[in-house]
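Read the numbers this way: they start at 1 and go in the same order the structure lists the ligands and their atoms.
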Amino acid sequence: MTLAIMGAMPEEIAPILEKLGEYKTTKYAGNTYYEANYKGIQLVIAYSKIGKVFSTLTATTMCEHFGATKLLFSGVAGAISPKLKVGDLIVATKLAQHDLDITAFGHPFGYVPEGSIYVEADKELLALSKEVALEMGKSVQEGIIATGDQFVADEERKNWIGEIFHADALEMEGASVAVVCDALHVPFFILRAISDAADMDASFSFDEFLETSAVESAEFVMKMVDKIVR
Ligand code: SAH
């Protein structure tokens, strides 16, 4: 089995590479992919670069070129739900693209013909994450994640995304990864640790908490990997 672990930024996969220690490095389509043997399975790890397009390319490459049969995403996000504080973990039950808009033709936000507003994450991986949370003694919130090519640092925009998509957190890669995995029938899991509240202080909060939140997320994802291996 080949398991993909993906992030958007170097900081999001650094803690995972650090834990592995040894890996093979391959350059492909403008990104670096790290392959390692881990407890009897193959891991392929990469950061995509920020946004929906780069994350689509990386997710597709991991599945089609490296043969990944499951994909776990680890990273940081802005909180919409007031219940989510910096460092808290959110597991996506389903994801939507908040910047996809052909409403001029009477379609709802986030929808294009032959697509769907939401893509649902894999139920088995969600169940596994509950076990991991219990074992780690961590409270992990499940919720909807909205994705768009925009760093949201604006209360009004954040609230709009919250209302229209019932989203609890927002980021810039999850839904595109979800679309790829869904189309290729690759079970996926999107985990995010909160780095900011997507408000006017978001960029400062992000800079301050990126590394610590990325570690929170990476540690949880590696526990997921350990569960999958068993
Ligand atoms: N500081 C970076 C840019 C970070 S963009 C630079 O200068 O290069 C934000 C990244 O973190 C994206 O990968 C996104 O998925 C996530 N993210 C965290 N908070 C976010 C927010 N408020 N809005 C959108 N994405 C956010």
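In this structure, the ring of Y28 has its center less than 6.0 angstrom from the ring center of H65.
Contact annotation for A77 and ligand 1: only backbone heavy atoms (N, CA, C, O) come within less than 4.0 Å of the ligand. Of all the heavy atoms of Q150, the ones lying under 4.0 Å from any atom of ligand 1 belong exclusively to the backbone. Residue contacts with ligand 1 for R192 involve side-chain atoms from C-beta outward but no N, CA, C or O (heavy atoms, distance under 4.0 Å). Residue V76 touches ligand 1 through backbone and side chain together, judged by heavy-atom distances below 4.0 Å.
The shell of residues lying under 4.0 angstrom from ligand 1, judged by heavy atoms, excludes K158. At least one heavy atom of S195 sits closer than 4.0 Å to an atom of ligand 1.
E219 has no carboxylate O lying under 4.0 Å from a charged side-chain N of K19, or vice versa, which leaves the two without a salt bridge. Ion pair D88/K83 not flagged as a salt bridge, since none of the NZ, NE, NH1 or NH2 atoms sits closer than 4.0 Å to an Asp/Glu carboxylate oxygen. A salt bridge links R192 with E173: the distance from a Lys NZ or Arg NE/NH1/NH2 to an Asp or Glu carboxylate oxygen falls below 4.0 Å. Ion pairing between a basic and an acidic side chain is recognised when a charged N comes within 4.0 Å of a carboxylate O; K223 and E135 show no such pairing. In summary, D199 and K158 do not engage in a salt bridge, as defined by a charged side-chain N under 4.0 Å from a carboxylate O.
Considering backbone and side-chain N/O atoms, A202 never comes within less than 3.5 Å of an N/O atom of ligand 1. Looking at ligand 1, you won't find any N or O of E171 less than 3.5 Å from one of its N or O atoms.
Which of D196, L210, T147 comes nearest to atom 22 (N) of ligand 1 through a heavy atom is settled by distance: it is D196. Here atom 11 (O) of ligand 1 lies nearest to F206 when heavy atoms of Y47, F151, F206 are compared.
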Open item on the list: Test salt bridge (charged side-chain N to carboxylate O under 4.0 Å, His left out) on K94 and E120; report intermediate values, then the result.
Closed with: CA-CA 4 Å; K94 52 185 186 174; E120 293 193 6; 5.3 Å; no
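Side chain of T58 to main chain of S55: no donor-acceptor pair is present (N/O by atom type, distance under 3.5 Å, no hydrogens or angles). Side-chain atoms of T103 do not come within 3.5 Å of backbone N or O of P108 as any donor-acceptor pair. Formation of a donor-acceptor pair under 3.5 Å by the E12 side chain with backbone atoms of M9 is found in this model.
Within the listing of ligand 1, atoms 21 (C), 22 (N), 23 (N), 24 (C) sit less than 4.0 angstrom from a heavy atom of L170. Proximity to A198 (heavy-atom distance under 4.0 Å) selects the following atoms of ligand 1: 22 (N). Listed by atom number, the atoms of ligand 1 under 4.0 Å from A8 heavy atoms are 13 (O).
Ranking protein heavy atoms by distance to atom 3 (C) of ligand 1, first place goes to I50 CD1, 3.6 Å. Of the protein's non-hydrogen atoms, the one nearest atom 15 (O) of ligand 1 is E173 OE1, 2.6 Å. In terms of protein heavy-atom proximity, atom 25 (N) of ligand 1 is closest to M172 CG, 3.3 Å. In terms of protein heavy-atom proximity, atom 23 (N) of ligand 1 is nearest to V152 N, 2.9 Å.
For atom 7 (O) of ligand 1, the protein comes within 4.0 Å by no heavy atom at all.
Side-chain heavy atoms closer than 4.5 Å link hydrophobic residues (I, L, V, M, F, W, Y) into clusters, and following such links, even through other members, never connects V177 to I13.
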